[in-house]
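The block underneath contains the structure these notes are about, expressed in structure tokens.
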Amino acid sequence: MQGKNQIATICRELPLAMVKFHGMKSKYTYQEIDNVWDKKFNTRHNIKYAYAMFYAYLEDEAFVNNLDDVDGLRNAVAKQCGMANEVYSLDALVEFAKVEMSQLD
């Protein structure tokens, strides 16, 4: 993928890739997010949305506590995914991504 990574693309591709490469887990490391991000995208632009997307699933509390504007980022992800607010589950993200990817076929 070239250029800037749009929130819509992140929401569509990242949840499925996380599950593909690291399985459906209750917690992920930020290194696992970085690893999958680097496989899917050419730049680090908007990676903050990936961290926010998986905020509730990050196991490193020190890393989590250093994220800026998590609520705003999670609200943007929720809005893009058609969810009511920033409280969403990994299952909901994966389901959204599956539906979105099927519409591209």
Side-chain angles (χ1 to χ4, degrees):
M1 175 167 295
Q2 301 295 323
K4 296 181 179 181
N5 305 310
Q6 296 180 352
I7 300 170
T9 304
I10 296 166
C11 291
R12 185 174 52 243
E13 295 188 17
L14 197 59
L16 295 176
M18 287 296 292
V19 171
K20 176 182 176 184
F21 290 109
H22 297 291
M24 194 78 152
K25 299 176 7 177
S26 61
K27 296 286 182 187
Y28 294 97
T29 65
Y30 71 87
Q31 294 96 337
E32 288 172 326
I33 295 170
D34 287 349
N35 174 270
V36 171
W37 182 274
D38 291 341
K39 290 177 182 177
K40 297 299 291 180
F41 303 103
N42 290 332
T43 72
R44 287 291 177 117
H45 181 78
N46 278 343
I47 194 168
K48 60 188 177 185
Y49 289 98
Y51 296 138
M53 179 184 291
F54 290 96
Y55 176 78
Y57 304 97
L58 284 168
E59 66 181 25
D60 185 343
E61 286 187 36
F63 182 82
V64 167
N65 292 334
N66 286 322
L67 293 175
D68 291 333
D69 191 26
V70 171
D71 291 338
L73 296 170
R74 286 181 63 81
N75 279 330
V77 168
K79 182 178 177 183
Q80 185 63 51
C81 295
M83 297 175 195
N85 57 41
E86 77 278 359
V87 180
Y88 46 80
S89 68
L90 182 56
D91 289 332
L93 288 171
V94 169
E95 188 57 34
F96 171 82
K98 285 179 181 177
V99 169
E100 289 293 303
M101 293 302 282
S102 72
Q103 292 175 359
L104 295 178
D105 293 337

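Computed from heavy atoms alone, side chains included, the values below leave out hydrogens, waters and symmetry copies. Remember, it's a predicted structure, so these values are computed and weren't measured experimentally.
Listed by chain and number, the residues in a salt bridge (charged side-chain N to carboxylate O under 4.0 Å, His left out) with D60 amount to none (sequence neighbours excluded). Annotation: ring pair (Phe, Tyr, Trp, His ring centres under 6.0 Å) contacts of Y28 (sequence neighbours excluded): F54. With sequence neighbours excluded, the residues satisfying side-chain contact (heavy atoms from CB on, under 4.5 Å) with F21 are A17, V36, K39. Checked against side-chain contact (heavy atoms from CB on, under 4.5 Å), V94 has the following partners two or more places apart in sequence or in another chain: P15, L16, V19, M24, L90, K98. Legend: residues meeting salt bridge (charged side-chain N to carboxylate O under 4.0 Å, His left out) with D69, ordered by chain and number and at least two apart, are absent. Here A52 pairs with L73, R74 under the side-chain contact (heavy atoms from CB on, under 4.5 Å) rule; sequence neighbours left out. Partners of F63 under the ring pair (Phe, Tyr, Trp, His ring centres under 6.0 Å) rule, at least two apart in sequence or in another chain, are Y30, Y51. Contacts of Y57 classified as ring pair (Phe, Tyr, Trp, His ring centres under 6.0 Å), with partners at least two apart in sequence or in another chain: none. By the ring pair (Phe, Tyr, Trp, His ring centres under 6.0 Å) test, Y49 pairs with no residue at all, sequence neighbours left out.
Between A97 and C11, the closest heavy-atom pair is CB-O, 3.7 Å.
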### Task
Tell me, with the steps shown, if N46 and T9 meet side chain to side chain contact (heavy atoms under 4.5 Å, CB included).
CA-CA 11 Å; N46 278 343; T9 304; over 6 Å; no
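Residues R44 and N5 have side chains not in contact (no heavy-atom distance under 4.5 Å, counting atoms from C-beta outward). For the pair F41/I10, a side-chain contact is recorded, criterion being any heavy-atom separation below 4.5 Å from C-beta on. For the pair T29/D34, no side-chain contact is recorded, criterion being any heavy-atom separation below 4.5 Å from C-beta on. Residues L93 and M83 have side chains in contact (heavy-atom distance under 4.5 Å, counting atoms from C-beta outward).
For the pair W37 (side chain) and Q31 (backbone), a donor-acceptor distance under 3.5 Å is absent.
D38 CG to I33 CD1: the interatomic distance, rounded to the nearest 0.5 Å, is 12.0 Å. Atom CD of Q80 sits about 8.0 Å away from atom CD of E100, to the nearest 0.5 Å.
Applying the salt bridge (charged side-chain N to carboxylate O under 4.0 Å, His left out) definition to pairs two or more places apart or across chains, those involving residues 20-32 are K25-E32.
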